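One structure is given below, encoded as C-alpha cells.
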Amino acid sequence: MSIQFTGDPMPGLTNYRHDRLLSRLTATLAVAALITTTGSAASADTGTPARAPDASQITKAARDAASARPRSPQASASRAAVFGMFAIDTQGNLYSYAADNAQVLAPRELLATDYGNVRTASSTDDNGDGVADDTWVWTTDGGMSSSYGYVGGGWNIYDTVFSPGNLGGAPGYDVLGRDSSGLLWLYLGYGDGTLTDRRKVGGGWDAYTQIVGKGDLTGDGWPDIVARDASGVLWLYQGTGDPDAPFAARTKIGSGWNAYDALVATGDMDLDGKADLIARQPNGDLFFYKGTGNAAAPFEPKRNIGYGYQNYRVMFS
C-alpha cells in the first residue's frame with residue numbers, strides 16, 4: 001500500500017528520529033568556502049590532491065543517520081553502512097533523510113541553503129564501522145572536496161562520478177568516474193581525503209544511462225554497482241576486491257527500469273544490515289528496493305515510500 005502525504009516531500013510517520021537533531025548544527029559553510037584552497041589544485045585525471053582545512057555537514061548528518069543501529073567491531077564488517085539519503089532541491093536547499101527501519105526515510109531535516117552549485121556528493125565509511133567518516137563533494141565548476149579539504153579540479157570530464165565503497169582492498173572508499181567516451185576510471189582512496197592516480201576499468205560504459213552503487217549487494221563483502229542500459233534493463237556488476245579488475249562479468253537483474261529518472265544507491269536504509277536502492281519516477285513517486293544480499297536476486301519487489309520528490313535536482317547517499 002502506498003504511503004500518502006501532502007505538502008513538502010516527506011515520508012509517512014516514523015518511530016525513529018535523530019538522536020542529535022540536525023537543527024542544532026551550526027550554520028553550514030557556503031560551498032565557495034568549502035572549495036577554497038591555497039597552492040596548486042589537482043585535476044581529475046591525476047587524482048593527486050591538495051590539502052586544505054574543510055568541514056562537511058553531510059558527513060555529520062550521515063553519522064546521525066547511522067546512530068539508530070547498534071554496532072560492534074565484530075559485527076559491523078558483515079553489515080552495510082548506514083548513511084541516510086540527502087537531496088538538493090532546485091533552490092539549492094540541502095536536506096537530510098535519516099534511515100528508518102519502518103518507513104525507510106525519516107522526516108527530512110534542512111541542513112543548508114547554499115548548495116546550489118553542488119553537483120553531487122557521496123558519503124564514505126573508511127574504517128568499516130558502519131558510520132560515515134568523510135564525504136566526497138563535487139561542484140558544478142569541476143571541483144572536488146572532502147571533509148579534510150580540497151581535492152582538486154577538472155572533475156567535469158566525468159558525466160558520472162560516485163563512491164561505491166572499498167573496491168580495491170585498502171581501508172578507504174574509492175571513486176569511480178565515467179568520461180564522455182564511455183571509459184570508466186577508478187581512484188583508490190586512502191581514507192584521509194586523498195586519492196591515488198586513476199586507473200582504467202574498461203570501456204563501453206556509455207551504454208548505460210545510469211550507474212550507481214553503495215555497498216555490498218551480494219553478501220560477499222565487496223561493494224557492487226548496478227547499471228541501467230538504454231532499453232531499461234538493469235545489470236549487476238559484482239565487486240571482486242581486485243583493483244586491477246574490480247568487477248566480475250555483468251548479470252541481468254531485470255527490465256523496466258526506464259520508469260525511473262533517478263536511481264539512488266543508499267547503503268542500508270531500513271537498518272537490516274543489507275544495502276538497498278531507491279528509485280524515483282519523473283512524477284516524483286519514490287520507490288524502495290530492499291536489498292536481499294543474494295546475487296541472483298539482489299532486491300525484493302519495490303515498495304512505494306512517498307511522492308512529491310520531483311523538486312529535487314539531485315539525490316545521493
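Everything numeric in this text was worked out from a predicted model, so none of it was measured.
A salt bridge (Lys or Arg N to Asp or Glu O under 4.0 Å) check over residues 149-178, counting only residues at least two apart or in different chains, returns the pairs Asp159-Arg178. Residue pairs meeting the salt bridge (Lys or Arg N to Asp or Glu O under 4.0 Å) criterion with at least one partner in residues 282-302, sequence neighbours excluded, are Asp270-Lys290, Asp272-Lys290. Sorted by first and then second residue, the salt bridge (Lys or Arg N to Asp or Glu O under 4.0 Å) pairs involving residues 227-237 (not counting sequence neighbours) form an empty list.
Across Arg313 and Tyr115, no two heavy atoms sit closer than the pair NH2-O, 3.3 Å. Across every non-hydrogen atom of Ala87 and Met315, the tightest pair is CB-CG, 3.9 Å. Looking at every heavy atom in both residues, Asn156 comes nearest to Arg119 through OD1-NH1, 3.5 Å. Summarising the geometry of Asn166 relative to Gly169, their closest heavy-atom pair is OD1-N, 2.9 Å, with the distance given to 0.1 Å. The minimum heavy-atom distance linking Leu186 with Pro243 is given by the pair CD2-O, 3.6 Å. Residues Leu263 and Ala279 share a closest heavy-atom pair of CD2-CB, 3.7 Å.
Hydrophobic clustering keeps Leu188 apart from Met144 (ILVMFWY residues linked when any side-chain heavy atoms are closer than 4.5 Å, directly or through intermediates). The cluster map of Ile, Leu, Val, Met, Phe, Trp and Tyr, joined by side-chain heavy atoms under 4.5 Å apart, puts Trp138 and Trp205 in different clusters. Placement of Ile88 and Val137 within a single hydrophobic cluster is found when ILVMFWY residues are connected by side-chain heavy-atom separations under 4.5 Å, directly or transitively. Residues Leu167 and Trp222 do not share a hydrophobic cluster, clusters being chains of Ile/Leu/Val/Met/Phe/Trp/Tyr side chains in contact below 4.5 Å. Placement of Ile157 and Leu184 in two distinct hydrophobic clusters is found when ILVMFWY residues are connected by side-chain heavy-atom separations under 4.5 Å, directly or transitively.
Residues forming a ring-ring contact (aromatic ring centres under 6.0 Å, His included) with Tyr289 (at least two apart in sequence, or on another chain): Trp257. Listed by chain and residue number, Phe83, Thr266 satisfy the side chain to side chain contact (heavy atoms under 4.5 Å, CB included) test with Ser317 (two or more places apart in sequence, or in another chain). With sequence neighbours excluded, the residues that form a side chain to side chain donor-acceptor pair (under 3.5 Å) with Thr124 are Asp126. In this view, Arg250 and Tyr208, Trp235, Tyr237 satisfy the side chain to side chain contact (heavy atoms under 4.5 Å, CB included) rule, not counting sequence neighbours. Scanning for side chain to side chain donor-acceptor pair (under 3.5 Å) contacts around Asp261 gives Arg280, with sequence neighbours left out. For Asp206, the salt bridge (charged side-chain N to carboxylate O under 4.0 Å, His left out) test picks out no residue, with sequence neighbours left out. For the side chain to side chain contact (heavy atoms under 4.5 Å, CB included) test, residues two or more places apart in sequence or in another chain that qualify with Ser181 are Asp179, Leu183. For Ala295, the side chain to side chain contact (heavy atoms under 4.5 Å, CB included) partners two or more places apart in sequence, or in a different chain, are Thr218, Gln238.
Put simply, the residue from Thr113, Asn311, Leu94 that forms a side-chain contact (heavy atoms from CB on, under 4.5 Å) with Asp89 is Asn311.
Atom-to-atom distance recorded for Ile225:CD1 and Thr160:OG1 is 10.5 Å, nearest 0.5 angstrom. With values rounded to the nearest 0.5 angstrom, Leu277 atom CG is found 7.5 Å from Leu234 atom CG. Here the straight-line distance linking atom CG of Asp134 with atom OH of Tyr173 works out to 11.5 Å at 0.5 Å rounding. Separation of atoms CZ (Phe287) and OH (Tyr260) is listed at 5.5 Å; rounding is to 0.5 Å. How far CG of Asp192 is from OG of Ser147: 12.0 Å, rounded to the nearest 0.5 Å. Atom-to-atom distance recorded for Ile278:CD1 and Met269:CE is 4.5 Å, nearest 0.5 angstrom.
Within the 4.5 Å cutoff, side-chain heavy atoms of Val212 are placed close to those of Val226. Counting heavy atoms from C-beta outward, Leu176 and Phe247 have side chains that approach closer than 4.5 Å. The side-chain heavy atoms of Thr135 and Ser123, taken from C-beta on, include a pair separated by under 4.5 Å. No side-chain heavy atom of Phe162 sits under 4.5 Å from any side-chain heavy atom of Phe316. Side chains of Val314 and Val118 form no contact here, defined as non-hydrogen atoms less than 4.5 Å apart. Between Trp136 and Val151 the shortest side-chain heavy-atom distance falls below 4.5 Å.
Judged purely by distance below 3.5 Å, without hydrogens or angles, the side chains of Thr139 and Asn117 never pair a donor atom with an acceptor atom. Checking Ser122 against Lys214 by side-chain atom types alone, a donor-acceptor pair falls below 3.5 Å.
Without hydrogens or angle criteria, Asp133 side chain to Asn127 main chain gives a donor-acceptor distance under 3.5 Å. In terms of modelled atom types and a separation under 3.5 Å, the side chain of Asp276 and the main chain of Gly291 share a donor-acceptor contact. Although no hydrogens or angles enter the test, the distance criterion places a donor-acceptor pair under 3.5 Å between the side chain of Thr240 and the main chain of Ala245. Formation of a donor-acceptor pair under 3.5 Å by the Asp224 side chain with backbone atoms of Gly239 is found in this model.
Taking the six-membered ring for Trp and thresholds of 30 and 60 degrees, Tyr97 and Tyr309 have ring planes inclined between 30 and 60 degrees apart.
Think of Tyr190 as one node in a network of Ile, Leu, Val, Met, Phe, Trp and Tyr side chains linked at under 4.5 Å; it has no links at all.
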